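A short worksheet on the structure shown next.
Here the structure is a predicted model, which means the values were calculated and not measured. A note on names: the letters A, B, ... follow the listed sequences, proteins ahead of strands, and every chain is numbered from 1.
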There are 2 protein chains.
Amino acid sequence: MAAPLPRDPIADAQRNWEQHGWADVAAPMAAITAIMRTQQILLARIEGALKPFGLTFARYELLALLSFARSGALPMNKASALLQVHPTSVTNAVDRLEGSGLVARSPHPTDGRTTLIELTAEGRIVAKRATAVLNAEVFGQSGFAPADVDQLIRILGAFRRNAGDFTD
Amino acid sequence: MAAPLPRDPIADAQRNWEQHGWADVAAPMAAITAIMRTQQILLARIEGALKPFGLTFARYELLALLSFARSGALPMNKASALLQVHPTSVTNAVDRLEGSGLVARSPHPTDGRTTLIELTAEGRIVAKRATAVLNAEVFGQSGFAPADVDQLIRILGAFRRNAGDFTD
DNA sequence: GCAATATACTAGGACATCCAAGGGTTTGGA
DNA sequence: TCCAAACCCTTGGATGTCCTAGTATATTGC
């Protein structure tokens, strides 16, 4: 781990923005930059927790999504939509998960264009174990105060809705 | 742009967590997942705004950092520390920015191991213009309420300090 | 003073993301 | 009915991030 900096680099950036005549957008700039950095920290923790399973976050998300599907299977385009990533990213994740024997591709019964992805027995087990580890090591020790978690869910939920993620 | 989903997929995930006996970590899971998704949305906006300049966010951050340095130059390791990214990422960004003529490498006057990166005249101009566009198109239209911006800065600032980013 | 350790940068590899383009399958309007 | 438009998935390319390893230069300690 890199040594801590003596000062918050984002707070410094915010001050720089204010001193260069961009005070009106200095705060949003700082908030957005902080989101970028926080994502980086969280992603590193998540990947670290998943490493023993040979999983990355992208692959884990797909496994978790499938494990919650009633039938344990989903069309690729559906997975792409729900995970909100590009179809090619799903193709990539499925290729690797299939190589590890955690999911399997199967043709859609009625639509020849569609491919279904399905959890294998081993995939279901790995998904469960990986979730347990993530819950214990990452989500359970996020470092966010409960009240702040609620704030984040509210603020980011509104942002995502506003960005067109969902209409709910 | 993908069509909006009828329901918030993260709220769904949170419900799934609660129904599977992980209610104690369902909220932090949702908050963290929301941060990941929000980062993705913001990054896409930023990259879109920077595209006309032939810049990516990683390269822009380096340009902006240099533009605020007193001398307009910084050692690579210093840039790596301040941007909080791996040294190889800085090498990558500098390679490309150097190729575009926006920065230049020069040897450190006293330490033979160190390489200084310096803004070129054109680099300084591009940094200024790109910042103006980012301020206008992204930071100035974040969609976050002012009070929420303050909340984000506070919550994520505490998180980053707690994660060891800085000691300030 | 010199060897051992530490630091700085870069090369190569693994992954993830997106975009653009291509080939196969369905759907829908003329 | 039939062909064009729409849709689905995959391939190939560009970028970014990190890790590991290797080379070169500094610093430290005996």
Side-chain angles (χ1 to χ4, degrees), chain A residues 1-3 36-48 50-51 53-63 74-100 103 105-117, chain B residues 1-3 36-37 39-48 50-51 53-63 74-100 103-117:
Chain A
M1 195 137 305
M36 309 299 280
R37 173 57 185 158
T38 299
Q39 186 267 352
Q40 192 179 28
I41 295 169
L42 289 169
L43 182 59
R45 289 186 187 176
I46 292 171
E47 301 270 346
L50 293 176
K51 194 154 207 165
F53 298 96
L55 291 176
T56 62
F57 187 45
R59 295 178 217 169
Y60 167 76
E61 280 195 298
L62 182 53
L63 277 191
L74 280 178
M76 306 229 359
N77 64 330
K78 193 93 177 181
S80 169
L82 292 173
L83 296 176
Q84 302 182 281
V85 295
H86 199 279
T88 53
S89 296
V90 177
T91 293
N92 184 319
V94 172
D95 282 348
R96 298 173 192 283
L97 287 171
E98 195 172 34
S100 305
V103 307
R105 281 182 167 91
S106 64
H108 189 286
T110 64
D111 189 332
R113 298 169 299 182
T114 301
T115 298
L116 294 175
I117 23 181
Chain B
M1 198 137 305
M36 309 299 279
R37 173 57 186 157
Q39 186 268 352
Q40 192 178 27
I41 295 169
L42 289 170
L43 181 60
R45 290 187 187 175
I46 291 171
E47 300 270 343
L50 293 176
K51 193 155 207 165
F53 298 96
L55 290 176
T56 61
F57 187 45
R59 296 179 215 170
Y60 167 77
E61 280 195 297
L62 183 53
L63 278 192
L74 280 178
M76 305 221 12
N77 64 330
K78 193 92 177 180
S80 170
L82 292 173
L83 296 176
Q84 301 182 280
V85 296
H86 198 278
T88 54
S89 296
V90 177
T91 293
N92 185 320
V94 171
D95 283 348
R96 298 174 192 283
L97 286 172
E98 194 172 34
S100 306
V103 307
R105 281 180 166 92
S106 64
H108 188 286
T110 64
D111 190 332
R113 297 168 301 181
T114 301
T115 298
L116 293 175
I117 21 182

Take the protein atom [atom1] of [X] and the nucleotide atom [atom2] of [N], then report the distance between them rounded to whole Å.
X       : N       : atom1 : atom2 : answer
L83(B)  : dG16(D) : CG    : P     : 13 Å
M76(A)  : dG24(C) : CE    : C1'   : 15 Å
L74(A)  : dC8(D)  : CG    : C1'   : 15 Å
L43(A)  : dA16(C) : CG    : P     : 11 Å
L55(A)  : dC15(C) : CG    : P     : 12 Å
R59(B)  : dA14(D) : CZ    : C1'   : 9 Å
I117(A) : dC8(D)  : CD1   : P     : 14 Å
K78(A)  : dC8(D)  : NZ    : P     : 11 Å

### Task
Over all heavy atoms of both residues, which pair between F57(B) and E47(B) is shortest? Give the atoms and the distance, please.
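For F57(B) versus E47(B), the nearest heavy atoms are N-OE2, 3.3 Å.
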### Task
List in numerical order all residues of residues 107-116 of chain B for which some heavy atom is under 4.0 Å away from an atom belonging to DNA chain C.
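Residues of residues 107-116 of chain B under 4.0 Å from DNA chain C: R113(B), T114(B), T115(B).
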### Under 3.5 Å: donor-acceptor pair, side chain of Q84(A), backbone of R37(B)
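Checking the backbone N and O of R37(B) against the side chain of Q84(A), no donor-acceptor pair under 3.5 Å is found.
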### Task
Keeping the roles fixed (side chain from S80(A), backbone from V85(A)), state whether a donor-acceptor pair exists under 3.5 Å.
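Pair found, side chain donor or acceptor close to backbone of V85(A).
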### Task
Among the candidates dC9(C), dT15(D), dA16(C), find the nucleotide nearest to the side-chain atoms of N77(B).
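Looking only at side-chain atoms, N77(B) lies closest to dC9(C).
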Taking the side chain as C-beta and beyond, is there a heavy-atom pair between [X] and [Y] under 4.5 Å?
X       : Y       : answer
Q39(B)  : Q40(A)  : no
H108(A) : T115(A) : no
L116(A) : L74(A)  : no
S89(B)  : L83(B)  : no

### Query
Would you call D95(B)-R59(B) a salt bridge at under 4.0 Å N-O?
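No, D95(B) and R59(B) are not salt-bridged.
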### Query
Does T56(B) put a side-chain nitrogen or oxygen below 4.0 Å from OP1 or OP2 of dT15(D)?
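Looking at the OP1 and OP2 atoms of dT15(D), neither is under 4.0 Å from any side-chain N or O of T56(B).
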### Query
Is the distance from OP1 or OP2 of dC9(C) to the nearest side-chain N or O of R105(B) less than 4.0 Å?
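R105(B) to dC9(C) OP1/OP2: no side-chain N or O under 4.0 Å.
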### Base versus backbone protein contacts along nucleotides 17-23 of chain D [heavy-atom cut-off under 4.0 Å; B, S, -]
BBBB---
### Query
Can you tell which of V103(A), I117(A), T56(A), L55(A) makes a side-chain contact (heavy atoms from CB on, under 4.5 Å) with L62(A)?
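Of all the options given, the one that passes is I117(A).
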